[in-house]
Protein chains: 2
Amino acid sequence: MMEKTEANMIERKSLHLELVERIRPLIIDSQLVPGRKVPEKDLCERFQVSRTPMREALKVLASEGLVRLEPNRGAWVTTVTTNEVKEVFPILGVLEALSGELACKYITDAEIREVRALHEDMLQSYRARDLAAYFESNQKIHRAILLAARNDTLTKSCQTLSARMQRARYIANMSEERWANAVSEHEQIIKTLEARDGQSLSAVLVEHMKNKQDSVLRWLSTTQTDQEL
Amino acid sequence: MMEKTEANMIERKSLHLELVERIRPLIIDSQLVPGRKVPEKDLCERFQVSRTPMREALKVLASEGLVRLEPNRGAWVTTVTTNEVKEVFPILGVLEALSGELACKYITDAEIREVRALHEDMLQSYRARDLAAYFESNQKIHRAILLAARNDTLTKSCQTLSARMQRARYIANMSEERWANAVSEHEQIIKTLEARDGQSLSAVLVEHMKNKQDSVLRWLSTTQTDQEL
DNA sequence: AGATGTAATTTTGAATTCATAATTAAGTCA
DNA sequence: TGACTTAATTATGAATTCAAAATTACATCT
């Protein structure tokens, strides 16, 4: 019997979208180096596609802010600048606040338990000082809350903006103090979520984001002198 | 003497971006009809370009949610569905709230006077029952506040989401009562802005957006039975 | 007529080609 | 040596081409 649910629909992707989804993570974890040229030819060879769909993909990535197109000079991987950080984090703050508010309304008890489990995983990683694992659980928690908000547009907006801030190197530079604080903020997040206290969760998420911004800005100031964009 | 300010920089646009910016308004004011196929060939002839840059442009417009690409079946102008309205307006609410907050911080006295002037224009149009002119002033006010927030990313995010909600027909269907209320909300907006009361402005903008959502939903329910995304 | 199958046509997706712009390399002269 | 030209090379942008898919038109059969 043929069901008509979305889950059963045959999903066919266009080549350019496939490329967008393959190249985006390369940018997010800095395999494509910020500030450097996007090696169009190499990528075409790597993925065995012609330049047409690759260039279409780059145009989409440009509209997401992950690459910058310079007319007649090609595509460049964008860098994270202090200015951009100051612009994007406050936006992410209010968007996550909204997601928290909505999540408290719509999240199921089962989902809350899942988030709690992710939280415990995260604590585990924190105690083991396993930054990569910590970061992954962290991401999953934020994503779970976002999904619980039942708003695909919100999910997409957050993820697009997050991607720009999420160049991998950052996490490797979180101070021990900031890390401890982040964990305690997450305690608040899980508590207010379990209490379904949307107001408080919003407030915690905004504060959490503000601290994250400061942490990133601190790191940026110690490493590089903004080069471009 | 050659200055290096951004204002003086020669702006060269790629063809696909030019097309994005030309086609976007066609979608926003429904010259390209929601739910119908994007006439790729016609548009190519109209703008005298080949299919390559046109198709690049459509990919970008798809990532903005203005068209939907169906593999092997081409591009379709998206329709505004109740589900989408319920998703997007709350996001716009918090984003505009943020813009109000920031605007109160950064707006200059001269800019406030400009917004006041736009507000007076808008009242003028309201009294004359000139919906088109009213709508234009209205847009300009929201845009002025957004610009005063000094956050390009925020501006872009708002405009992208607004575009999806702004199919022209809507405005033609605002009730007299809703219109009156919208005007009085705008009185509050200009007052709180002049007082630089970020908190209050935020609140008013959220409320304003909520009412706008209801108005659009009411209109949607009277006209069409949702066909498709 | 209505359903089903097949051929012709059109549209789409993506590779290829080609003109132009940018970059690099080589040459010239102070 | 180093600044400035000019030529060769490469990369980019966009038109064109071509294969595959979808749509339409037509024919056949019940």
Side-chain angles (χ1 to χ4, degrees), chain A residues 2 4 9-24 26-27 32-78 227-229, chain B residues 2 4 8-24 26-27 32-64 66-78 227-229:
Chain A
M2 179 68 178
K4 276 139 199 146
M9 277 176 70
I10 301 154
E11 211 182 297
R12 303 169 62 189
K13 268 185 202 148
S14 52
L15 204 40
H16 90 277
L17 245 185
E18 197 73 51
L19 287 169
V20 166
E21 286 169 15
R22 299 267 237 139
I23 294 170
R24 191 165 29 216
L26 296 183
I27 296 174
L32 291 178
V33 184
R36 288 244 267 274
K37 202 148 188 263
V38 178
E40 186 184 297
K41 226 179 103 194
D42 294 357
L43 289 173
C44 286
E45 283 171 23
R46 174 162 174 187
F47 295 114
Q48 286 294 300
V49 297
S50 76
R51 286 177 61 222
T52 306
M54 179 59 69
R55 290 168 55 79
E56 289 169 350
L58 292 176
K59 259 117 203 160
V60 172
L61 290 167
S63 88
E64 294 179 3
L66 292 177
V67 311
R68 191 161 37 92
L69 302 174
E70 286 191 28
N72 293 319
R73 298 201 54 231
W76 303 73
V77 182
T78 55
Q227 306 112 309
E228 56 190 320
L229 181 78
Chain B
M2 180 66 180
K4 276 140 199 145
N8 288 39
M9 276 175 72
I10 300 152
E11 213 181 297
R12 303 169 63 189
K13 269 184 202 150
S14 52
L15 203 39
H16 90 277
L17 245 185
E18 197 73 50
L19 287 168
V20 166
E21 285 168 16
R22 298 267 236 140
I23 295 170
R24 191 166 29 216
L26 296 183
I27 296 175
L32 292 179
V33 184
R36 287 245 267 275
K37 201 143 188 270
V38 178
E40 186 185 298
K41 225 178 107 194
D42 294 356
L43 289 173
C44 286
E45 283 169 23
R46 174 161 175 187
F47 295 115
Q48 287 293 300
V49 298
S50 76
R51 286 177 61 222
T52 307
M54 180 58 70
R55 292 168 52 79
E56 288 168 351
L58 291 176
K59 260 116 204 160
V60 172
L61 290 167
S63 89
E64 293 179 4
L66 292 176
V67 311
R68 191 161 37 92
L69 301 174
E70 287 191 27
N72 293 319
R73 298 201 54 232
W76 303 73
V77 182
T78 54
Q227 308 111 310
E228 57 191 318
L229 178 76

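Protein chains get the first letters and strands the later ones, always in sequence-line order, with residue 1 at the start of each.
On the nucleic acid side, DNA chain D has its first and last nucleotide under 4.0 Å of a heavy atom of chain A at D:dA11 to D:dA22, going 5' to 3'.
Counting to the nearest Å, the C1' atom of C:dT12 and the CG atom of B:L58 are 12 Å from each other. A straight line from NZ of A:K13 to P of C:dA14 spans 14 Å, rounded to a whole angstrom. If you take CG of B:L43 and C1' of C:dT12, they are 15 Å apart, rounded to a whole angstrom. Rounded to an integer number of Å, the gap from NZ of A:K37 to C1' of C:dA22 is 9 Å.
For B:R73, the side chain to side chain contact (heavy atoms under 4.5 Å, CB included) partners are B:E70, B:W76, not counting sequence neighbours. Here A:R51 pairs with A:E40 under the salt bridge (charged side-chain N to carboxylate O under 4.0 Å, His left out) rule; sequence neighbours left out. Residues that satisfy the side chain to side chain donor-acceptor pair (under 3.5 Å) test with A:E18, not counting sequence neighbours, are absent from this structure. Listed by chain and residue number, nothing satisfies the side chain to side chain donor-acceptor pair (under 3.5 Å) test with B:T52 (two or more places apart in sequence, or in another chain).
Here B:R68 contributes atom CZ and B:K37 contributes atom NZ; the two are 12.0 Å apart, rounded to the nearest 0.5 Å.
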Go through it in stages, so that I can follow the logic: the residues are A:L43 and A:L26, the test is side-chain contact (heavy atoms from CB on, under 4.5 Å), and I'd like the CA-CA distance, side-chain angles, deciding distance and then a yes or no. CA-CA 11 Å; A:L43 289 173; A:L26 296 183; 4.3 Å; yes
Give the intermediate values and the outcome of side-chain contact (heavy atoms from CB on, under 4.5 Å) for residues B:E64 and B:I27. CA-CA 12 Å; B:E64 293 179 4; B:I27 296 175; over 6 Å; no
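Distance from the side chain of A:N72 is smallest for C:dA21 among the nucleotides C:dG13, C:dA21, C:dA14.
Mapping B:R73 and A:R51 onto DNA chain C via the closest heavy atom, the residue that lands nearer the 5' end is B:R73.
For the helix from C:dA1-D:dT30 to C:dA30-D:dT1, the terminal axes (five pairs an end, C1' atoms, rotation from four pairs onto the next four) enclose an angle of 0°, given to 10 degrees.
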Less than 3.5 Å apart, which donor and acceptor atoms pair up between the side chains of residues 54-61 of chain A and the rest of the protein, not counting sequence neighbours?
from: A:E56; atom 1: OE2; to: B:K59; atom 2: NZ; distance (Å): 3.4
from: A:K59; atom 1: NZ; to: B:E56; atom 2: OE2; distance (Å): 3.4

